[in-house]
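Report on one structure; see the data block that follows.
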Protein chains: 2
Amino acid sequence: MAGRGAYAKGIAKREEILAVALEVIARNGYRGASVREIAEAVGLSQAGLLHYFGSKDELFTAVLVKRDEVDTSDAMGDILDDLVRIVAHNAEVPGLVHLFAHLSIEAADPEHPAHGFFIERYAHLRETLAARIRAGQADGSLRAELDPERAAAVVVAAADGLQAQFLLDPSVDMAAELTAMIEDLRA
Amino acid sequence: MAGRGAYAKGIAKREEILAVALEVIARNGYRGASVREIAEAVGLSQAGLLHYFGSKDELFTAVLVKRDEVDTSDAMGDILDDLVRIVAHNAEVPGLVHLFAHLSIEAADPEHPAHGFFIERYAHLRETLAARIRAGQADGSLRAELDPERAAAVVVAAADGLQAQFLLDPSVDMAAELTAMIEDLRA
DNA sequence: GTCTATAGACCGATAGAC
DNA sequence: GTCTATCGGTCTATAGAC
């Protein structure tokens, strides 16, 4: 895997493009963040950029995966706390929240490059949460009458829905609402 | 307001366009539902259609308002029941759910024609739900420790988030999940 | 008032030269 | 690996016929 110069340079360039794209989107928002604009910010032509990522959707999907990796590496252990912390952090980068929301809707099409990513992301998130809820029920810290799978799906849904409300009206305090909801799960 | 022939005809044409657009979107989905396609389905040129609605976004916003009117007229009285019924019905028209989700994200831009619509829609929905929760707490049918405003915001958010999960994976049973969530609010 | 036709701007995608 | 040039598609705007 430790490729030679040319290969390694390609990888590095991809990383550089992703970092710049993340900046541009976080600053200018998703709207108007065209491939051309990002390409110019990196110092490439539009076609030059699309050499590294086959299409606009693939580029933006890669940005998403990258953000997810960063979020995951920041995780502290308790998924309930992590979720609230991620949501709180998201309030500071509305452009990225917009990109995420936008792509999650567009990826409904099975042909979309990010379709698999979102399917797996939701499945993994729901499983992790359900396991955490079961553990909490076992040690008596969470209410016993909850259905772990259903509660997990609804917590994930609420987090997404709160982001939509936040995008429309930035005064919505996503983290506070989500915290209150999670508090309500406790015994 | 009872205009003469020409005016009334314009109104009727608008209604006809909205009805056809609703059909096309429900059938073909939002993706690929271009102004041209809808115009041809009505028997108009693209520019002919845009004479009635200033832009694509305005047209789609009008479709949304129309759907909302239909939903509202179907309401039976109890907002909690109505919400579940609307969500259940939505599972049968994924194209419309897609349109709704897509526009609600795009409308985050304050310049978007549907921005005000969504702001008001969420505010109204949250108020109505909060009032219903307060009433339920007064008569002892809903849990007393809930914060009515927060619970209302979270229920709305969950409904939206479940729609996003449903669009990605149609096997997700939105109505069942939402019903379970609402059950959990009861005393 | 209503509609057709057309033109311009922008975008993403692709071909092919270097 | 990067560029220029170009293509097809979408939205918007407008001039002018009816």
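Protein chains get the first letters and strands the later ones, always in sequence-line order, with residue 1 at the start of each. No hydrogens, no waters, no symmetry mates; every other heavy atom, side chains included, goes into these values.
- Residues from residues 97-106 of chain A with heavy atoms under 4.0 angstrom of DNA chain C: there are none.
- Residue Arg14(A) contributes atom CZ, which lies 12 Å from atom P of dG1(D) at whole-angstrom precision.
- Contacts with DNA chain D (heavy atom under 4.0 Å) in residues 55-66 of chain B: Ser55(B), Lys56(B), listed by number.
- Under the side-chain contact (heavy atoms from CB on, under 4.5 Å) criterion, Ser45(A) pairs with Ala47(A), sequence neighbours left out.
- For the salt bridge (Lys or Arg N to Asp or Glu O under 4.0 Å) test, no residue two or more places apart in sequence or in another chain qualifies with Asp173(A).
- Atom-to-atom, NE2 of His51(A) to P of dA17(C) comes out at 17 Å; the value is rounded to the nearest Å.
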Report, one line per pair, each donor and acceptor closer than 3.5 Å where one atom sits in a side chain of residues 144-161 of chain A; sequence neighbours left out.
{"from": "Glu145(A)", "atom 1": "OE2", "to": "Arg143(A)", "atom 2": "NE", "distance (Å)": "3.1"}
{"from": "Glu145(A)", "atom 1": "OE2", "to": "Arg143(A)", "atom 2": "NH2", "distance (Å)": "3.1"}
{"from": "Asp147(A)", "atom 1": "OD1", "to": "Glu149(A)", "atom 2": "N", "distance (Å)": "3.0"}
{"from": "Asp147(A)", "atom 1": "OD1", "to": "Arg150(A)", "atom 2": "N", "distance (Å)": "3.2"}
{"from": "Glu149(A)", "atom 1": "OE2", "to": "Arg134(A)", "atom 2": "NH2", "distance (Å)": "2.4"}
{"from": "Asp160(A)", "atom 1": "OD2", "to": "Tyr122(A)", "atom 2": "OH", "distance (Å)": "2.4"}

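- Residues satisfying the ring-ring contact (aromatic ring centres under 6.0 Å, His included) criterion with His112(B), sequence neighbours excluded, are absent altogether.
- Checking Ser141(B) against Asp139(B) by side-chain atom types alone, a donor-acceptor pair falls below 3.5 Å.
- Protein atom CG of Leu50(A) is 14 Å distant from nucleotide atom C1' of dG1(D), rounded to whole Å.
- In this structure, Phe53(B) atom CZ and dA13(D) atom P are separated by 16 Å, rounded to whole Å.
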Identify every side-chain donor-acceptor pair in residues 33-40 of chain A under 3.5 Å, counting partners at least two apart or on other chains, and give the distances.
{"from": "Ser34(A)", "atom 1": "OG", "to": "Glu37(A)", "atom 2": "N", "distance (Å)": "3.2"}
{"from": "Glu37(A)", "atom 1": "OE2", "to": "Asn28(A)", "atom 2": "ND2", "distance (Å)": "2.9"}

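- Residues that satisfy the salt bridge (Lys or Arg N to Asp or Glu O under 4.0 Å) test with Asp78(B), not counting sequence neighbours, are Arg132(B).
- Applying the salt bridge (Lys or Arg N to Asp or Glu O under 4.0 Å) rule to Asp71(B) yields the partners Arg67(B); only residues at least two apart in sequence or on another chain are considered.
- Every residue two or more places apart in sequence or in another chain that forms a side-chain contact (heavy atoms from CB on, under 4.5 Å) with Ala75(B) is listed here: Asp82(B).
- Between Arg36(A) atom CZ and dC3(D) atom P the separation is 13 Å, expressed in whole Å.
- Under the 30°/60° scheme for interplanar angles, the aromatic rings of Tyr30(A) and His102(A) are found to be tilted.
- Listed by chain and residue number, Arg186(A) satisfy the salt bridge (Lys or Arg N to Asp or Glu O under 4.0 Å) test with Glu183(A) (two or more places apart in sequence, or in another chain).
- Residues from residues 41-48 of chain B with heavy atoms under 4.0 angstrom of DNA chain D, sorted by number: Gln46(B), Ala47(B).
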